[in-house]
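One structure is given below, encoded as structure tokens.
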Amino acid sequence: MATQWTDHWAARTQHLKASSIRELLKLTARPEVISFAGGLPATETLPAQAIAEACDRILKTQADRALQYGPTEGYLALRGHIADMYRARGVPATADNVLITTGSQQGLDLIGRVLIGKGTPVVTEAPTYIGALQAWLVSEPAMTGIPLDDDGMRIDLIDLNQRINLLYALPNFQNPSGVSLSMERREKLVDMAHRERFVIIEDDPYRALRYSGEDLPALLEIEAARLGANWDSDGRIIHLGTFSKIMAPGLRVGWVIAPTTALRMLALAKQGADLHSAMLSQYIAEELLREGIIEGNYPLLVRIYRERRDTMLAALEEHLTGLAEWTKPQGGLFIWVKVPGVDAHDLLAKALERNLAFVPGDNFFFDGRGRDAMRLNFSCMPPDRIREGVARLGALLAEARHEPLASPAR
Ligand code: PMP
């Protein structure tokens with residue numbers, strides 16, 4: 001007799017949301033597909049040789065520790081280096097403020113376990129990172145989405161008459177829109193969190209991937225500059241970082257920086273999740289950080305991605321003018337394209353027939369909005385395929401414009 005799994009699922013599984021990006025990645029694995037769907041680093045940027053050499057050295061000299069169980073908080077030397085990076089930017093963090101996570105995705109999951117319960121008021125950007133929605137919606141928070149403009153989250157639209165517990169912000173080259181929070185809004189947001197007493201989750205995987213404009217301080221740095229020696233007791237920002245976009249996502253090493261009280265609770269939740277992140281990956285990250293290899297790779301990353309961003313923006317100008325509107329990111333991996341009057345799911349079905357993929361915009365909303373938008377990734381395809389893919393997209397959109405509009409209720 002077939003097992004009726006539905007009789008066994010826990011109630012919270014009703015809120016598990018499939019990432020159509022992960023599903024799409026299966027379809028787009030065929031080499032003939034031009035995929036703007038994923039968010040992967042370009043393979044040629046992965047420091048494979050340096051990782052092989054580091055791995056060899058680690059296994060020859062420190063295998064007894066790198067292959068053993070380790071502390072939940074992470075490898076102390078790595079936590080120390082990460083704290084140093086933030087101290088250089090004025091955050092008075094020590095290793096005690098750093099928790100190593102299995103990618104920053106785990107940081108989001110642990111935050112969900114520790115800070116989000118049924119009905120917890122959570123404010124996000126709208127659209128926002130799909131992985132945060134996946135991690136948090138299972139806890140049934142009361143979500144509010146704040147629209148974006150070219151300067152990032154419209155913080156003037158946050159309703160301060162409603163209680164807020166948690167605000168999730170991606171200040172640099174937001175996934176999926178590519179827009180960044182202006183300096184003025186960064187300062188105001190930190191003020192607001194302290195005045196209104198909510199916690200900010202700052203997710204910052206893309207800061208090093210800046211191709212134009214000036215580097216802006218993290219919300220964490222702005223807060224630390226204001227609080228000085230009181231940061232560890234009065235700070236209300238939990239900041240997430242990751243080696244995924246600057247080293248290699250497959251190693252799954254990320255980090256959380258937070259005041260020690262919050263950090264200890266997150267570490268407690270991590271004990272039940274995975275005991276600790278892979279020690280070998282942490283040793284490799286520590287070695288590459290110490291040797292300056294990670295930072296040494298930034299110019300290559302920036303050169304390759306800047307060319308790809310510029311190629312995609314020029315191709316959009318050439319093929320989509322009059323058919324769509326799009327963001328002009330100063331960094332990161334994504335461009336957000338609005339296609340008013342077109343259903344991005346219908347368009348994707350046709351695009352896949354022509355070996356083209358992108359992510360329909362509603363994936364990045366928790367309330368079904370965004371069907372008239374899409375996320376395009378520019379990091380994974382070489383420039384000639386970006387040009388070809390955008391030309392296909394332009395042709396599809398021109399055809400869609402000539403078809404009668406689907407029912408407006410959609
Ligand atoms: N946050 C954001 C905004 C992301 O774009 C990603 C990866 N796409 C993550 C978190 C998770 O990254 P990782 O777990 O690989 O560190």
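Computed from a predicted model, the values in this text were never measured in an experiment.
Between Y298 and I246 the shortest side-chain heavy-atom distance falls below 4.5 Å. Side-chain contact between V91 and W231: present, with at least one pair of heavy atoms (C-beta onward) separated by less than 4.5 Å. Between M85 and W255 there is a side-chain heavy-atom pair separated by less than 4.5 Å. The side-chain heavy atoms of S281 and R252, taken from C-beta on, include no pair separated by under 4.5 Å. Using a 4.5 Å heavy-atom threshold, the side chains of L393 and V337 count as separate. Residues Q162 and P121 are not in side-chain contact: their nearest non-hydrogen atoms beyond the backbone lie 4.5 Å or more apart. The side-chain heavy atoms of L115 and N165, taken from C-beta on, include no pair separated by under 4.5 Å. Side-chain contact between L219 and H239: absent, with no pair of heavy atoms (C-beta onward) separated by less than 4.5 Å.
For the pair R392 and E388, the salt-bridge criterion is met [side-chain N within less than 4.0 Å of a carboxylate O]. Between R308 and E44 there is a salt bridge, since a side-chain N of the basic residue sits under 4.0 Å from a carboxylate O of the acidic one. Between K270 and D274 there is a salt bridge, since at least one side-chain N of the basic residue sits less than 4.0 Å from a carboxylate O of the acidic one. A salt bridge does not link K188 with D156: every distance from a Lys NZ or Arg NE/NH1/NH2 to an Asp or Glu carboxylate oxygen is 4.0 Å or more. Between R387 and D384 there is no salt bridge, since no side-chain nitrogen of the basic residue lies less than 4.0 Å from a carboxylate oxygen of the acidic one.
Between the side chains of T260 and D232, a donor-acceptor pair is found at a separation under 3.5 Å. In this structure, a donor-acceptor pair under 3.5 Å is present between the side chains of R375 and N175. Side chain to side chain, D234 and H194 fail the donor-acceptor criterion of an N or O pair below 3.5 Å.
Under the side-chain hydrogen bond (donor to acceptor under 3.5 Å, both in side chains) criterion, the residue pairs touching residues 71-83 are H81-E286, with sequence neighbours excluded.
Counting non-hydrogen atoms of neighbouring residues, nucleotides and ligands closer than 6.0 angstrom, the CD atom of E291 exceeds 12 such neighbours. Summarising the local packing, CD of E295 is surrounded by 12 or fewer heavy atoms from other residues, nucleotides or ligands at distances under 6.0 Å. By the neighbour-count criterion of 12 heavy atoms within 6.0 Å, atom CZ of R197 is sparsely surrounded, having that number or fewer from other residues, nucleotides or ligands. Residue-environment remark: CZ (R57) exceeds the threshold of 12 foreign heavy atoms within 6.0 Å. Surrounding CE of M265 are at most 12 heavy atoms belonging to other residues, nucleotides or ligands under 6.0 Å away.
Atoms CG and CZ, on L78 and F243 in that order, are 5.0 Å from each other to the nearest 0.5 Å. For the atom pair OG1 (T124) and CD1 (I146), the distance works out to 7.5 Å, reported to the nearest 0.5 Å. We find the CD1-CD distance between I116 and E140 to be 12.0 Å, quoted to the nearest 0.5 Å.
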Worked verdict on T144 versus D159 for side-chain contact (heavy atoms from CB on, under 4.5 Å): CA-CA 9 Å; T144 307; D159 180 1; over 6 Å; no
Between R89 and D215, does the salt bridge (Lys or Arg N to Asp or Glu O under 4.0 Å) criterion hold? Intermediate values first, please. CA-CA 12 Å; R89 292 171 170 170; D215 182 55; 5.1 Å; no
Are V256 and L110 close enough, and set up right, to give a side-chain contact (heavy atoms from CB on, under 4.5 Å), and what steps lead you there? CA-CA 10 Å; V256 176; L110 298 177; 5.8 Å; no
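Just one of Q106, R113, Q105 meets the side chain to side chain donor-acceptor pair (under 3.5 Å) condition when paired with D109; it is R113.
Between L46 and P249 the shortest heavy-atom distance is CD2-CD, 4.1 Å. Across every non-hydrogen atom of G38 and S35, the tightest pair is N-OG, 4.0 Å. Taking every heavy atom of both residues into account, F334 and P329 meet most closely at O-CG, 3.1 Å. Closest approach of I58 and A66 over heavy atoms only: CG2-CB, 3.5 Å. Here the closest non-hydrogen pair linking R309 and S212 is NH1-OG, 2.8 Å.
Remark: side-chain polar atoms of H276 are paired, donor with acceptor, to backbone N or O of G70 under 3.5 angstrom. Checked by atom type and distance alone, the side chain of S277 pairs as donor or acceptor with a backbone atom of T102 at under 3.5 Å. Between the side chain of Y211 and the backbone N or O of E307, no donor-acceptor pair lies under 3.5 Å.
In this pair, W136 and Y168 present their aromatic rings perpendicular. The plane angle is above 60°, beyond the 30 to 60° band.
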